[in-house]
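To keep things clear, I will list the structure first and then write my remarks on it.
The shown structure was predicted, so the numbers you read here are calculated from the model rather than taken from an experiment.
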Amino acid sequence: MTTLTPTPGDTTVRRPGPPTATAERRAPRQGGTGLAVPALIWYLVFMVGPMIAIFVVAALHWPGMLQPVSFAGLGNVRTVLDDPVFWDAVRNTAVQLAVALPIMIVCAYMLGYYVAQKPPGHRVIRYLLFIPGLISTPAKAMVFYAALSPDGLANGALESVGLGSLTDAWLASPSTALACLIALDVWAGIGFTAVLFAARLGSVPDELGEAAQLDGAGHWRTMWLIHFPVIRDYVGVVTMLQFLWTLFGSAQHVLLLTQGGPGSSSTTLSFLVYQKAFIAADLGYSQTVGVILFLAGLVGLLTIRRAFRQTY
């Protein structure tokens with residue numbers, strides 16, 4: 001709609017009026033759909049494609065990259081379920097998750113809460129907590145190997161305090177190899193997770209903690225009964241990330257420190273996928289375990305999401 005406005009000198013100025021509904025409908029929408037097309041193509045080719053390939057290879061008998069391929073159907077599933085090493089890997093993975101994940105999340109949350117209170121030197125503490133995340137995986141493995149080898153720091157410390165009877169070949173003992181890997185997982189992940197929690201807790205209004213302390217609540221009750229419910233969703237997200245990292249990323253620690261031994265005492269599902277694919281050259285078996293690992297990760301994510309869902 002256009003209006004005519006008279007001006008001195010008997011001239012009129014044509015001024016545009018407000019746009020009508022028809023003009024608004026005809027106006028092109030400024031959307032970003034076209035910008036998302038390259039990312040969608042990348043996701044389909046490099047994420048969805050390999051995921052489908054896992055299910056396809058799991059149904060094949062493929063004894064090596066250059067060997068002839070034949071259809072196996074459910075034969076790989078029966079082979080996997082009849083293999084005692086697979087069940088040892090399932091047990092080890094379950095123990096690893098059941099021990100490492102709660103310890104990591106609880107301790108990281110407590111450390112993050114402490115740092116969020118901005119104690120003296122809290123900036124330095126943040127950098128120190130980040131150190132394990134800045135060290136490469138081979139370097140972490142070498143640190144633990146130097147500490148846990150028969151002549152390492154752990155046995156030396158025990159002998160120096162008169163507890164030489166407790167010394168052990170920690171990484172070569174069936175009773176302690178998995179525990180050493182769990183300790184490495186916790187040490188590697190707790191600091192970075194604590195920094196994430198500290199960053200999220202820093203956005204919680206100070207008035208909540210001050211009101212709780214005025215009502216007589218100490219730091220312990222304030223931490224768990226006031227701040228934790230506020231960031232419950234975020235704790236769930238971090239727990240899911242650490243769950244996935246522990247479930248799928250433990251293979252590198254096993255490979256560098258124990259090779260799954262002694263026997264299969266420290267073999268995990270993710271390491272079994274690597275072992276069968278690149279050492280035993282049984283790609284069908286490997287990807288069948290990969291499918292089981294994928295399903296276990298999906299169920300774990302849904303369970304964690306439901307457990308940390310807000311109830312108010």
Side-chain angles (χ1 to χ4, degrees), residues 93-135 137 140 143-144 147 157 178-250 253 296-312:
T93 302
V95 171
Q96 184 183 35
L97 292 172
V99 175
L101 204 59
I103 293 176
M104 188 185 306
I105 296 301
V106 172
C107 293
Y109 176 73
M110 294 172 67
L111 277 173
Y113 177 83
Y114 174 73
V115 174
Q117 303 307 305
K118 297 182 180 179
H122 66 95
R123 298 182 185 275
V124 178
I125 296 175
R126 286 177 185 264
Y127 292 127
L128 292 177
L129 292 175
F130 246 119
I131 288 178
L134 300 176
I135 302 175
T137 300
K140 296 174 188 175
V143 170
F144 265 67
L178 182 62
C180 294
L181 294 174
I182 294 174
L184 176 55
D185 289 333
V186 173
W187 177 78
I190 193 172
F192 179 75
T193 309
V195 174
L196 294 179
F197 282 138
R200 179 64 181 88
L201 287 166
S203 63
V204 176
D206 296 335
E207 290 79 5
L208 290 177
E210 293 173 357
Q213 292 178 6
L214 288 176
D215 289 339
H219 281 295
W220 184 264
R221 295 182 61 186
T222 303
M223 176 173 58
W224 290 108
L225 299 181
I226 304 299
H227 287 81
F228 183 82
V230 173
I231 67 167
R232 185 186 181 95
D233 285 342
Y234 187 79
V235 175
V237 172
V238 174
T239 303
M240 286 190 286
L241 293 176
Q242 289 297 342
F243 168 78
L244 292 177
W245 172 253
T246 305
L247 182 65
F248 295 104
S250 63
H253 294 159
L298 184 61
V299 172
L301 288 181
L302 294 176
T303 302
I304 294 172
R305 182 178 182 275
R306 186 174 183 84
F308 283 92
R309 184 180 299 172
Q310 292 286 12
T311 57
Y312 57 84

Any donor-acceptor pair under 3.5 Å from Arg305 side chain to Gly236 backbone
no
Matching residue for Met240 among Ile304, Leu302, Thr303 - test: side-chain contact (heavy atoms from CB on, under 4.5 Å):
Ile304
Gap between atom OH of Tyr113 and atom CH2 of Trp220 - 0.5 Å precision
11.0 Å
Search all heavy atoms of Ala100 against all heavy atoms of Ile182 and return the closest pair with its distance.
CB-CG2, 3.9 Å
Counting heavy atoms not belonging to Tyr234, are there more than 12 under 6.0 Å from its OH?
yes
On a heavy-atom basis, which atom in Ala212 and which in Thr222 lie closest, and how many Å separate them?
CB-OG1, 3.9 Å
Are any of the side-chain heavy atoms of Val235 and Phe197 separated by less than 4.5 Å?
yes
Any side-chain heavy atom of Tyr109 within less than 4.5 Å of one from Arg200?
no
State, to 0.1 Å, how close Leu247 and Ala296 come at their nearest heavy-atom pair, and which atoms those are.
CD2-C, 4.4 Å
Is atom NE2 of His122 surrounded by more than 12 heavy atoms (other residues, nucleotides or ligands) closer than 6.0 Å?
yes
Could you grab the distance from atom CG of Leu181 to atom OG of Ser250, nearest 0.5 Å is fine?
8.0 Å
Please round to the nearest 0.5 Å and tell me the distance separating atom CG of Leu241 and atom OG1 of Thr246.
10.5 Å
Please find the pair of heavy atoms, one from Arg126 and one from Ala198, that lie closest to each other, and give the distance.
NH1-CB, 4.0 Å
Which value, rounded to the nearest 0.5 Å, describes the distance between Met223 atom CE and Tyr114 atom OH?
13.0 Å
Val230 versus Ile226, closest heavy-atom pair with distance
CG2-O, 3.2 Å
Search all heavy atoms of Pro132 against all heavy atoms of Ala188 and return the closest pair with its distance.
CB-O, 4.0 Å
Which residues pass the side-chain contact (heavy atoms from CB on, under 4.5 Å) test with Ile135, sequence neighbours left out?
Ile131, Ala139, Lys140, Trp187
So do Arg123 and Lys118 actually touch side chain to side chain, heavy atoms under 4.5 Å?
no
Nearest 0.5 Å, please: how far is OG1 in Thr137 from NE2 in His253?
5.0 Å
Kindly indicate, with the supporting measurements, whether the criterion side-chain contact (heavy atoms from CB on, under 4.5 Å) is fulfilled by Val195 and Val115.
CA-CA 8 Å; Val195 174; Val115 174; over 6 Å; no
Please lay out, stage by stage, how Met104 and Phe243 fare under the test side-chain contact (heavy atoms from CB on, under 4.5 Å).
CA-CA 10 Å; Met104 188 185 306; Phe243 168 78; over 6 Å; no
Separation between CD1 (Ile105) and OG1 (Thr239), nearest 0.5 Å, reads 4.0 Å
